[in-house]
Amino acid sequence: MTQYPDLQLYIGGAWRKAAEGQPVLNPADESVIGMVPVARRSDLDAALAAAADGFRTWSRTSPAKRAEVMLRAARLMRERIEEIAYAITLEHGKPIAQARLEVIRGCEFFEWDAAEGQRTYGRVIPSEPGIKYIVMHQPIGMVAAFSPWNFPMSQPARKIGGALAAGCSIILKAAEETPAGAIHIARAFHEAGLPPGVLNLVFGVPSEISEYLIPQDQTRLIAFTGSTAVGKKLTEMAARHMKPVLMELGGHAPVIVCDDVDPVATAITSAIRKARNSGQVCTSPTRFYVQKPLYDTFCKTFAEKAQTVTVGNGLDAGTQMGPLANHRRIEALETLVADARDKGARVLAGGERLGNRGYFFPLTVLVDLPDDARAMREEPFGPLALINPVSSIDEAIEKANALPFGLAAYVFTHSARNADRLAEGIEAGNVSINTLEASVAETPFGGVKESGNGREGGAEGLAHYTIVKNVSHRIM
Ligand code: NAD
């Protein structure tokens, strides 16, 4: 029978209970489903000591052997897909079908990184006889990583995959609100034979853990996914200690709908994608800029589709959108919708919380928003679609680039000329044309401007987990 896992810290290859815990809630009914352990200073010290040992062992393990362990762990997670997906849905709320896809995606990250870790090639620079210049990539050291609650399994997978493939050890503080995905990853790696101390998993008070781990000598990289506000704080702290960061932060993705596409099909595709993970995705399509000839049909179709989306418990067959993951999102969305209404926006679908038990909020469609509506500037991180008309491609580019974010952007057009102009002109780390998929394991993912720096995935992803060393060797 599938059940929610026992939640413990994982340090030095052993499971460890904590004296204190805090409840984990099911967002569908607000019931307590488990107690997440709160690490104390002594637990963090144990994790640091273990990670130092782990680094010594793992950095000297051959890339092929590392890949073998990672692939074995990924295989175990694929075999346990039902159990992991059930736990994710219970703690996060997303429909179980989406939780299964998340597990597969997390495994793909491990599998890609395992293979890529065997290709961290250096180079030999041509030189005069008698001297050799050799550039090598070595694992950077211990990584302090922080993953968020929106993808309980695939977000930790990004960080653990990168670190382990490059030969680093890692202390991951996963999200306290959704701990089970990371627990399942640690369990799989334990059984796959990962040496003790290479992967250490903690939970607790986020600010206390980051403030303790970042300044430690042995911490060589800070990898964080979460809000821009927290990302800036951690980056400042890292800078004080001259540590590099890998920051995957907020977004506010524009979608440019050009006047040469089918507005009905595009609106339906967009509404379905907007509902994914209840919009709690940093790449979620959010600001729709639709060329005027298509505007009315696009808005009407989007709203009609939104009203058909079945919202409910993610474990129920037929649920297309689960609850929001926590009460903070409900409050944030209510505030953004009220502000937009006050400033003259029209609500074509949704707009109000559903019921008062569980954090349910419908797919909400707002149109004709002024640029100063808060929702147009602040990341809603929820099921809000904001639709406005534009007169030209130039205006669309200007609006798309008007915010300090630059993570994902989307374009719908059949015109190669439009596609090229938009792909070149939009300031974002990822531009997707005629698809609402922003990243897969083999492509580099990350932001520009306040959406962060560095890339996860793709051939670029592992670079952050390594240092470049040049060896000048005069041959005697
Ligand atoms: P938040 O900024 O308080 O927390 C986001 C994540 O950061 C959480 O997992 C939290 O545990 C962690 N965190 C918070 N303070 C920390 C600290 N001092 N040190 C280390 N980790 C810390 O916000 P929230 O209410 O949980 O989420 C809301 C916002 O976060 C959203 O509006 C969205 O912008 C952002 N977010 C982004 C992503 C993403 O994929 N980029 C994921 C989740 C949340």
Side-chain angles (χ1 to χ4, degrees), residues 22 24-25 27 36 38-39 44 91-94 102 105 143-159 171-179 181-182 201-215 219 222-238 245-253 276-284 286 324-333 335-336 359 374-375 377-384 403-408 428-430 438-439 445-447 449-457:
Q22 67 186 50
V24 179
L25 302 185
V36 67
V38 175
L44 299 181
E91 66 184 10
H92 178 276
K94 68 186 70 183
E102 181 185 338
R105 188 172 161 82
V143 179
F146 305 86
S147 61
W149 45 261
N150 57 339
F151 289 98
M153 191 269 180
S154 65
Q155 292 277 20
R158 280 274 200 209
K159 316 252 176 287
I171 301 179
L172 174 75
K173 189 208 78 61
E176 289 71 26
E177 289 169 318
T178 57
L201 176 62
V202 299
F203 305 96
V205 180
S207 57
E208 285 177 12
I209 296 180
S210 55
E211 280 162 28
Y212 191 62
L213 291 184
I214 290 173
T219 301
I222 291 90
F224 172 78
T225 298
S227 64
T228 295
V230 174
K232 282 182 178 176
K233 263 193 227 161
L234 301 192
T235 300
E236 279 171 20
M237 211 186 304
V245 298
L246 174 50
M247 291 281 149
E248 205 270 90
L249 308 176
H252 203 303
R276 174 179 173 240
N277 224 37
S278 302
Q280 302 161 115
V281 190
C282 51
T283 59
S284 188
T286 297
L324 300 178
N326 54 57
H327 65 90
R328 298 190 300 287
R329 298 315 323 139
I330 292 277
E331 286 148 24
L333 294 182
T335 305
L336 293 179
Y359 310 126
R374 282 180 58 185
R377 315 196 68 79
E378 295 171 27
E379 183 179 27
F381 221 66
L384 286 197
L403 298 192
F405 298 111
L407 191 57
N430 297 77
S439 79
F445 175 71
K449 304 201 282 189
E450 294 197 1
S451 290
N453 51 49
R455 293 292 178 268
E456 296 191 304

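If you're wondering where the values come from, they're calculated on a predicted model, not measured in any experiment. Keep in mind that the numbers below use all heavy atoms, side chains included, and drop hydrogens, waters and symmetry copies. Each ligand, and each atom within it, is numbered from 1 in the order the structure gives.
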Examine ligand 1 and decide if any of its atoms is less than 4.0 Å from a heavy atom belonging to [X].
X: Glu378; value: no
X: Pro380; value: no
X: Arg328; value: yes

(request) Answer yes or no for atom 24 (P) of ligand 1: protein heavy atom present at a distance under 4.0 Å? (result) yes

Has the side chain of [X] got a donor or acceptor atom that lies under 3.5 Å from a matching backbone atom of [Y]?
X: Glu378; Y: Ala375; value: no
X: Thr286; Y: Ser284; value: yes
X: Asn430; Y: Phe445; value: no

What's the shortest distance from [atom] to any protein heavy atom, and which residue and atom give it?
atom: atom 16 (C) of ligand 1; answer: Val230 CG1, 3.4 Å
atom: atom 43 (C) of ligand 1; answer: Pro148 CB, 3.4 Å
atom: atom 18 (N) of ligand 1; answer: Ser207 CA, 3.4 Å
atom: atom 30 (O) of ligand 1; answer: Ser227 CB, 3.4 Å
atom: atom 34 (O) of ligand 1; answer: Glu379 OE1, 2.3 Å

Do [X] and [Y] come within less than 4.5 Å of each other through their side chains, counting heavy atoms only?
X: Lys94; Y: Glu102; answer: yes
X: Arg276; Y: Val281; answer: yes
X: His92; Y: Pro152; answer: yes
X: Pro380; Y: Leu333; answer: yes
X: Phe405; Y: Thr228; answer: yes
X: Phe146; Y: Ser210; answer: yes

Please identify which atoms of ligand 1 are closer than 4.0 Å to at least one heavy atom of [X].
X: Lys173; answer: 11 (O)
X: Ser210; answer: 17 (C), 18 (N), 19 (N), 20 (C)
X: Leu249; answer: 41 (N)
X: Cys282; answer: 39 (C), 40 (O), 41 (N)
X: Glu248; answer: 41 (N)

(request) Using heavy-atom distances, let me know which of Phe146, Trp149, Phe224 sits nearest atom 8 (C) of ligand 1. (result) Trp149

(message) Looking at non-hydrogen atoms alone, which of Ser147, Ser451, Pro206 comes nearest to atom 22 (C) of ligand 1?
(response) Pro206

(request) Taking all non-hydrogen atoms of both residues into account, name the closest pair between Val230 and Phe224 and its distance. (result) CG1-CZ, 3.4 Å

(request) Taking all heavy atoms of Ala428 and all of Ala408, pick out the closest pair and write down the distance. (result) CB-C, 4.3 Å

Hey, is [X] touching ligand 1 through its side chain, its backbone, both or neither, going by heavy atoms under 4.0 Å?
X: Leu234; result: side chain
X: Arg329; result: side chain
X: Glu177; result: neither
X: Gln155; result: side chain

(request) Please find out if less than 6.0 Å separates the ring center of Phe381 from that of Trp149. (result) yes

(request) Return yes or no for this condition: an N or O of Thr225 is under 3.5 Å from an N or O of ligand 1. (result) no

(message) Below 3.5 Å, N or O to N or O, backbone or side chain included: is there any such pair between Phe381 and ligand 1?
(response) no

(request) Can you measure from CD1 (Ile222) to CD1 (Ile214) and round to the nearest 0.5 angstrom? (result) 5.0 Å

